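All figures in this text were calculated on a predicted structure; none of them were measured in a lab. A, B, ... follow the sequence lines: proteins, then strands. Residue 1 opens every chain.
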There are 2 protein chains.
Amino acid sequence: MEAEKKIKKISYLESLNSRTVFDENCIIQVSFALIADKWTLLILTTLMQGTKRNSDLQKQVIGISPKMLSQTLKTLLKYGMISRKVYPEVPPRVEYTLTEFGKSLVEPLSSFYNWSVDWEDKLRTIYKKTKGKK
Amino acid sequence: MEAEKKIKKISYLESLNSRTVFDENCIIQVSFALIADKWTLLILTTLMQGTKRNSDLQKQVIGISPKMLSQTLKTLLKYGMISRKVYPEVPPRVEYTLTEFGKSLVEPLSSFYNWSVDWEDKLRTIYKKTKGKK
DNA sequence: TTTATTTACTACCTAAAAGTAAGTTATGCA
DNA sequence: TGCATAACTTACTTTTAGGTAGTAAATAAA
């Protein structure tokens, strides 16, 4: 990224004054309300690798139930973040792909991924201590 | 950011092969399990503005209940992402500040913030349609 | 016609998250 | 001691997330 663009980008957050209110009129609260949950972010991250079938996702996103997978895909479809293509085959084949809107999340999600890698030891220690419970 | 660093950073995600499994041994699943929820991310984003008191956060993070605020702050304290300083005054004053670990989230959170601003119209349309319900 | 296979949906249930409201602690000073 | 106030906690209730199991659609091949 060019230094110029970087400066512009960080400035959004720095432009907030200390009395900025984060309500539903604030776009960051809106976006967190829509996508800030574990399964949604994991599925989006997985789809960044490319087109996937339902069964691929079921294999890759360990721990997700078939119901949550279908439900989350349906929501992302409704949001326009993924597209769905059905192949008239037997057995049926359905493929999910990120739309341009979905792909726009590559940067924030990569950023989170990098952060996780950088702080891996610390994060694992916390996770063990809390056993995933907050 | 220098182009070199940028390349290194994006490569974490690109280095995954298409059969990578996202289970609890995968660091991205661990980090999402710990912090991927609306209130946690909103409080962290707010604290990126600097030190805040409980009552400041209550005023800025619209919609959060006092219980959720206390609870989330307690969790972040346990994670070592924020520090807590009590001033022996009347009435009591307690200030919360991001630790170095907490500050390390500036980049991913800024990235999300920028994304939200870039897609503001689309996000608001979705939010209205769904009324925040998934 | 029956079978096989993937996807998706529904109904029912349990567990966890989160809201409400009331009460408690901590604090320094009068 | 009593007070005033911010910060915090607890008990209770409601809401939402999530799991399991069963079923249906699709259709080519047996």
- Task: Take atom NZ of A/K59 and atom P of C/dT5, then tell me their distance rounded to the nearest Å.
- Result: 13 Å
- Note on the structure: Between CE of B/M68 and C1' of C/dA18 the distance, given in whole Å, is 6 Å
- Query: Of B/P92 and A/R84, whose closest DNA chain C nucleotide lies nearer the 5' terminus?
  - Reply: A/R84
- Message: On the six-membered ring of A/F101, is B/K122 placed so that its NZ or CZ lies under 6.0 angstrom from the centre and within 45° of the ring axis?
- Response: yes
- Item | Modelled atom types, side-chain donor and acceptor of B/W115 and A/S104, under 3.5 Å | yes
- Message: How many whole angstroms separate atom CG of B/D37 from atom P of D/dT16?
- Response: 16 Å
- Query: Could you give the NZ-to-P distance, from A/K85 to D/dA26, as a whole number of Å?
  - Reply: 19 Å
- Task: Report which part of the nucleic acid B/R93 touches: base, sugar-phosphate, or nothing (heavy-atom distance under 4.0 Å, all strands).
- Result: nothing
- Query: Between A/K67 and A/P88, which has a closest nucleotide on DNA chain D that is more 5'?
  - Reply: A/K67
- Between C/dG28 (C1') and B/Y87 (OH): distance, integer Å: 17 Å
- Message: Distance check needed: D/dG19 P versus A/I62 CD1, whole Å only.
- Response: 13 Å
- May I ask you to say what B/Y96 touches in the nucleic acid, namely base, sugar-phosphate or nothing, with a heavy-atom cut-off under 4.0 Å? sugar-phosphate
- Nucleotide nearest A/P91 (side chain, heavy atoms from C-beta), chosen from C/dT6, D/dA6, C/dG19: C/dT6
- Message: Can you measure A/L73 atom CG to D/dG18 atom C1' for me and round it to whole angstrom units?
- Response: 16 Å
- B/L76 CG - D/dC8 P separation (whole Å): 13 Å
- Message: Can a donor-acceptor pair be found, under 3.5 Å and without considering hydrogens, that links the side chain of B/Q58 to the backbone of B/I64?
- Response: yes
- For B/S55, which contact category applies under a 4.0 Å heavy-atom criterion: base, sugar-phosphate, or nothing? sugar-phosphate
- Item | N/O (side chain, A/S65) to phosphate O (OP1/OP2, D/dT20) under 4.0 Å | no
- Query: Where the side chain of B/R53 is concerned, which of D/dT9, D/dG19, D/dA6 is the nearest nucleotide?
  - Reply: D/dA6
- Assess the side chains of A/S111 and A/N114: does a donor N or O sit below 3.5 Å from an acceptor N or O? no
- B/Y96 and its side chain to side chain contact (heavy atoms under 4.5 Å, CB included) partner, picked from B/T46, B/L73, B/T51, B/D56: B/L73
- Among C/dT6, C/dG19, D/dA7, which is the nearest nucleotide to the side chain of B/N54? D/dA7
